[in-house]
**Student:** 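Okay, handing you the structure first.
Fair warning: this is a prediction, and the values are worked out from it, not measured in the lab.
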Amino acid sequence: MLSFFPGFRSNFFAAVVLIVATTGCNTVQTTIPPAPSHTIGFMTDFDVRDDAIGICKAVMDGIAPGVRVIDITHQVTPYDIAEGARFLAGSAPYFQKDAIFVVVIDPTVGSSRKAIIAKSKVGQYFVLPDNGLLTLVQDRDGIEAAREIINPQWMIGAKLSSTFHGRDIFSPAGAHLARGDDWTEAGPALDVSKLVRLDIHYATTDDKGLHGQVIGTDGPFGNLVLNVPAPTFDKLGYQIGDLVPVTLDGHKYQFPFVKTFSDVPVGKPLFYIDSRGRLSLGINQRNFSETYKVKPSADLSIPAKH
């Protein structure tokens with residue numbers, strides 16, 4: 001129809017543009033605040049079968065809208081602080097240098113144990129119970145300073161539960177850090193040298209060889225995680241392809257030392273250096289822990305190569 005009126009189309013659209021432009025002058029402009037620049041690494045032993053993880057994340061987002069939360073794991077073995085410390089130390093180097101970690105493996109929740117924020121010498125912040133979770137991070141990276149969380153404004157509110165500090169203290173404190181709040185407002189400074197530490201057993205070597213321990217299993221695969229860093233094992237003199245004698249949980253075996261699982265037939269055992277740089281024991285496409293009935297805390301010893 002507009003084609004019957006020459007010039008009408010161009011004048012019509014010009015008028016529309018003018019109206020939009022002048023109307024825009026009276027429009028209230030709304031801005032969305034930028035998301036916090038600090039990423040939160042979140043780890044618990046809560047599992048994901050109920051609403052606990054979702055609630056904690058909702059608390060974080062309510063205080064720091066748009067905050068990026070990376071789930072490290074929520075399937076730490078319940079109450080296993082040592083496993084949590086291992087996972088925390090293993091994952092922290094892959095996060096940004098200013099990342100924040102909210103870690104809740106807290107078997108004594110509601111007791112006199114402190115809720116703290118610690119800053120490593122790398123620059124990362126750790127929001128967690130003072131129960132030894134920081135031990136391995138402290139040994140590797142060092143802890144620059146720490147504070148106890150006692151300021152109610154850094155918590156969910158005045159009415160705290162005695163059993164869900166992940167929601168009420170650790171999640172809100174982590175979110176305050178993520179949005180850039182001054183962490184000295186969380187509470188008083190703590191003596192870093194008095195933070196609770198785990199009694200970590202490290203592998204040792206002597207004239208009889210290496211003495212170590214099983215410290216965990218590799219997810220669902222059942223590979224044994226050992227407290228033996230590759231440089232410690234190197235002192236024994238074994239090379240790729242060697243058969244390595246070992247006394248494991250009181251039983252004597254010989255396993256080949258190879259690069260990866262497929263270097264042995266399916267169903268056969270092997271020694272290898274895992275992705276974290278530790279000596280490990282596995283079975284190609286089988287579960288070592290179940291097959292050999294070996295669990296964490298079992299001892300092992302390996303003589304030096306003759």
**Student:** Looking at D168 and S161, would you say the former's side chain and the latter's main chain have a donor-acceptor pair under 3.5 Å?
**Tutor:** yes
**Student:** Nearest heavy-atom pair of W183 and A146: which atoms, and what distance?
**Tutor:** CH2-N, 3.9 Å
**Student:** Which side chain to side chain donor-acceptor pair (under 3.5 Å) pairs, counting each pair once, include a residue from residues 84-103, with sequence neighbours left out?
**Tutor:** H38-D98
**Student:** With respect to H211, which candidate in D206, T205, D299 satisfies the side-chain hydrogen bond (donor to acceptor under 3.5 Å, both in side chains) definition?
**Tutor:** D206
**Student:** Has E83 got a side-chain atom pairing as donor or acceptor with G216's backbone, closer than 3.5 angstrom?
**Tutor:** no
**Student:** If the test is side-chain contact (heavy atoms from CB on, under 4.5 Å), which one of D139, L134, D130 qualifies with R197?
**Tutor:**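 Looking at D139, L134, D130, the match for R197 under the side-chain contact (heavy atoms from CB on, under 4.5 Å) is D139.
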**Student:** Does any part of the side chain of L236, heavy atoms only, come nearer than 4.5 Å to the side chain of P303, both counted from C-beta?
**Tutor:** no
**Student:** We want to know whether D141 and S120 form a side-chain donor-acceptor pair, criterion being a heavy-atom distance below 3.5 angstrom.
**Tutor:**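 Checked: D141/S120 side chains show no N/O donor-acceptor pair below 3.5 Å.
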**Student:** With side chains defined as the heavy atoms from C-beta onward, is the minimum distance between D249 and K293 less than 4.5 Å?
**Tutor:**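 SC-SC contact between D249 and K293 ruled out.
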**Student:** Could you verify whether a donor N or O on one side chain and an acceptor N or O on the other, from D182 and T184, lie under 3.5 Å apart?
**Tutor:** yes
**Student:** Determine whether a donor-acceptor pair (N or O, by modelled atom type, separation under 3.5 Å) exists between the side chain of T73 and the backbone of M43.
**Tutor:**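 Pair absent, no side-chain N/O of T73 close to backbone of M43.
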**Student:** Does the separation of the ring centres of Y125 and F101 fall below 6.0 angstrom?
**Tutor:** no
**Student:** Using 30° and 60° as the class boundaries, would you call the ring planes of F164 and F46 parallel, tilted or perpendicular?
**Tutor:**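 If you compare the ring of F164 with that of F46, the planes turn out perpendicular.
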**Student:** Go through it in stages, so that I can follow the logic: the residues are F271 and L281, the test is side chain to side chain contact (heavy atoms under 4.5 Å, CB included), and I'd like the CA-CA distance, side-chain angles, deciding distance and then a yes or no.
**Tutor:** CA-CA 5 Å; F271 270 115; L281 273 167; 3.5 Å; yes
**Student:** For F288, what residues pass the ring-ring contact (aromatic ring centres under 6.0 Å, His included) criterion, not counting sequence neighbours?
**Tutor:** F255, Y292
**Student:** Taking F221's backbone N and O only, do any of them form a donor-acceptor pair with D218's side chain (distance below 3.5 Å, no angle check)?
**Tutor:** no
**Student:** Between N227 (side chain) and Q213 (backbone), is there a donor-acceptor pair under 3.5 Å?
**Tutor:**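 Checking the backbone N and O of Q213 against the side chain of N227, a donor-acceptor pair under 3.5 Å is found.
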**Student:** Are the side chains of D106 and F170 in contact, using a 4.5 Å heavy-atom criterion?
**Tutor:** yes
**Student:** Would the distance check show the side chain of R140 and the main-chain N or O of A89 forming a donor-acceptor pair, the cut-off being under 3.5 Å?
**Tutor:** yes
**Student:** Closer than 4.0 angstrom, basic N to acidic O: yes or no for K259 and D263?
**Tutor:** no
**Student:** Answer with yes or no whether the side chains of H165 and R113 bring together a donor and an acceptor at under 3.5 Å.
**Tutor:**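 A donor-acceptor contact under 3.5 Å links the two side chains.
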**Student:** Closest approach of F42 and C56, non-hydrogen atoms and distance?
**Tutor:** CZ-CB, 3.6 Å
**Student:** Please answer whether the main-chain N or O of G54 pairs with a side-chain N or O of D51 as donor and acceptor at a distance below 3.5 Å.
**Tutor:**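 Such a contact is absent between D51 side chain and G54 backbone.
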**Student:** Hey, is the main chain of T247 close enough, under 3.5 Å, to the side chain of H251 for a donor-acceptor pair?
**Tutor:**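 It does not hold such a pair.
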